[in-house]
Amino acid sequence: LASGRSSSHGATMKIFKSSSTESQDRPLVVLFSWMAAQQRHVSKYIDWWNEKGCDVLVHLATVQDTFLSSRTNQLAREILSFLDVYLQDHPHLPEIVFHVFSNGGGFTYARIMNIIDTEKGHERLRAKIKCSVLDSLPSTSIDSAKRAFNALGFNIIINFLFGIIFPILAYLSGMSRNIQIYLDNLTRMKDIPLLVMYSAQDQIIHVEEVDGFCEYSKKRGVPTQIKRWTDTPHVGHFRMHPKEYSEIVEKFLEKHGVDLNRPAGAKR
């Protein structure tokens with residue numbers, strides 16, 4: 001279980017404080033879970049970041065967060081408001097890192113990037129964001145969404161909805177256009193490097209979709225580092241390869257100026 005001191009902020013967010021250092025100048029990690037994840041599912045990531053001297057803001061994505069655009073927009077603005085206040089309360093905050101899982105976290109992250117880049121008032125926040133880790137995303141197909149719901153145990157209902165109803169709604173709502181907007185927003189920030197971690201054995205998303213996204217990200221000028229496993233399930237890379245996962249993330253953070261386990265009072 002997550003070992004850091006925790007406090008809730010509204011119905012959707014919880015922050016876990018690192019106890020590995022007394023310094024108040026700790027990096028902040030913003031962690032967005034996959035759809036329907038519970039705290040016990042992400043506690044190993046919270047513990048890992050806390051042990052590295054980072055505080056962690058966690059949002060657990062619900063089905064509504066994932067598939068209702070109005071909810072995604074509302075949530076993104078709630079999180080941005082919290083981060084703006086957090087920056088005021090922590091004027092010496094050194095860095096912010098995003099750790100994002102699947103489309104459940106990806107939709108909210110993408111919307112936040114869009115707002116930061118297109119609306120005034122978030123310049124200080126943007127300057128603090130150093131890099132982002134994307135785990136098991138993105139997925140851009142109806143089939144992947146269907147498999148995600150089936151994984152939650154709604155097979156009969158979902159087979160009907162995604163076999164008949166959802167394709168019609170997707171066509172009428174211009175889903176292909178929305179998917180392109182999603183990909184554009186994920187790669188909107190050319191100055192925020194991405195680490196994309198995924199697997200050829202993922203049973204939820206198509207590996208070709210993530211391959212294509214990585215190429216698209218590079219073409220748009222985003223520094224994009226890739227780790228592609230051959231034997232791990234959806235959001236299961238850290239569970240199966242904890243040492244390798246940790247080393248890759250640590251080196252990525254170091255490369256992009258994120259100082260882990262900074263001693264108390266240390267200056268940048």
Side-chain angles (χ1 to χ4, degrees), residues 1-9 12-34 37 39-61 79-80 82-101 105-106 108-109 112-113 116 124-136 189 191-197 225 227 235 237-239 241-268:
L1 294 178
S3 56
R5 295 163 294 165
S6 66
S7 58
S8 296
H9 297 270
T12 63
M13 291 176 283
K14 193 170 187 178
I15 193 162
F16 294 82
K17 295 281 189 178
S18 172
S19 58
S20 66
T21 172
E22 292 302 316
S23 172
Q24 294 301 306
D25 299 342
R26 293 186 289 261
L28 177 68
V29 176
V30 183
L31 189 153
F32 295 150
S33 81
W34 57 95
Q39 185 176 314
R40 67 179 184 276
H41 299 136
V42 299
S43 62
K44 55 184 172 290
Y45 302 102
I46 298 170
D47 288 343
W48 189 87
W49 286 111
N50 280 167
E51 289 167 4
K52 299 299 178 183
C54 301
D55 295 335
V56 186
L57 175 67
V58 177
H59 171 72
L60 301 175
I79 293 170
L80 281 173
F82 172 84
L83 290 175
D84 286 335
V85 173
Y86 191 88
L87 274 177
Q88 294 176 19
D89 294 340
H90 299 77
H92 302 295
L93 175 73
E95 306 103 6
I96 295 175
V97 175
F98 283 86
H99 196 174
V100 183
F101 294 87
T108 302
Y109 171 77
I112 285 176
M113 293 298 105
I116 290 176
R124 185 161 175 258
L125 173 61
R126 175 172 182 159
K128 294 292 185 179
I129 303 173
K130 297 301 180 182
C131 54
S132 298
V133 179
L134 307 184
D135 187 316
S136 304
M189 303 290 215
D191 55 342
I192 298 180
L194 300 178
L195 169 59
V196 185
M197 310 178 84
Q225 180 177 329
K227 175 55 187 178
V235 298
H237 322 307
F238 183 63
R239 175 169 55 84
H241 301 287
K243 183 178 179 181
E244 185 180 18
Y245 192 105
S246 298
E247 290 176 348
I248 291 171
V249 172
E250 285 190 66
K251 289 179 181 178
F252 174 72
L253 297 173
E254 181 181 0
K255 179 180 179 181
H256 297 293
V258 180
D259 298 332
L260 299 178
N261 280 319
R262 181 184 294 107
K267 301 296 183 182
R268 286 183 56 75

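Counting begins at 1 with the first residue of the sequence.
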Non-hydrogen side-chain atoms of Val249 and Trp49 separated by less than 4.5 Å: yes

Result of checking Val133, Val100, Leu134 against Leu194 for side chain to side chain contact (heavy atoms under 4.5 Å, CB included): Leu134

Aromatic ring pairing His90/Tyr86, orientation class (parallel under 30°, perpendicular over 60°, tilted between): parallel

Test salt bridge (Lys or Arg N to Asp or Glu O under 4.0 Å) applied to Lys128 - qualifying residues, sequence neighbours left out: none

Heavy-atom side-chain proximity of His41 to Leu60 below 4.5 angstrom: no

Flag, side chain of Ser33 to backbone of Ala61, donor-acceptor distance under 3.5 Å: yes

CG on Leu31 to OH on Tyr45, rounded to 0.5 Å: 8.5 Å

Rounded distance [0.5 Å steps], CG in Leu57 versus CD1 in Ile46: 10.0 Å

Sub-4.5 Å side-chain heavy-atom contact between Cys54 and Leu260: yes

Side-chain heavy atoms of Ile192 within contact of Met113, under 4.5 Å: yes

Distance, nearest 0.5 Å, that separates CE of Met189 from CZ of Arg126: 4.0 Å

Nearest-0.5 Å distance that lies between atom CE in Met197 and atom NE2 in His99: 7.0 Å

Under 3.5 Å side-chain donor-acceptor pair for Tyr245 and Asp135: yes

Atom CD of Glu244: over 12 foreign heavy atoms under 6.0 Å: yes

From Asp191 atom CG to Lys130 atom NZ, the distance as rounded to the nearest 0.5 Å: 9.5 Å

Over all atoms of both residues, closest heavy-atom pair of Leu28 and Val56: CD1-N, 4.3 Å

Backbone N/O of Ser18 and side chain of Asp55: donor-acceptor pair under 3.5 Å: yes

Nearest heavy-atom neighbours spanning Cys131 and Leu253: SG-CD2, 3.7 Å

Gap between atom CD1 of Ile129 and atom CD1 of Ile116 - 0.5 Å precision: 4.0 Å

For the student: nearest non-hydrogen atoms of Leu195 and Phe252, plus distance: N-CZ, 3.5 Å

Any Asp47 side-chain heavy atom under 4.5 Å of Phe16 side chain: no

Min side-chain heavy-atom separation His256-Ser132 under 4.5 Å: no

Pair Tyr109 + Phe32: ring centers closer than 6.0 Å: no

Val58/Gln39 under side-chain contact (heavy atoms from CB on, under 4.5 Å): CA gap, chis, key distance, verdict: CA-CA 9 Å; Val58 177; Gln39 185 176 314; over 6 Å; no

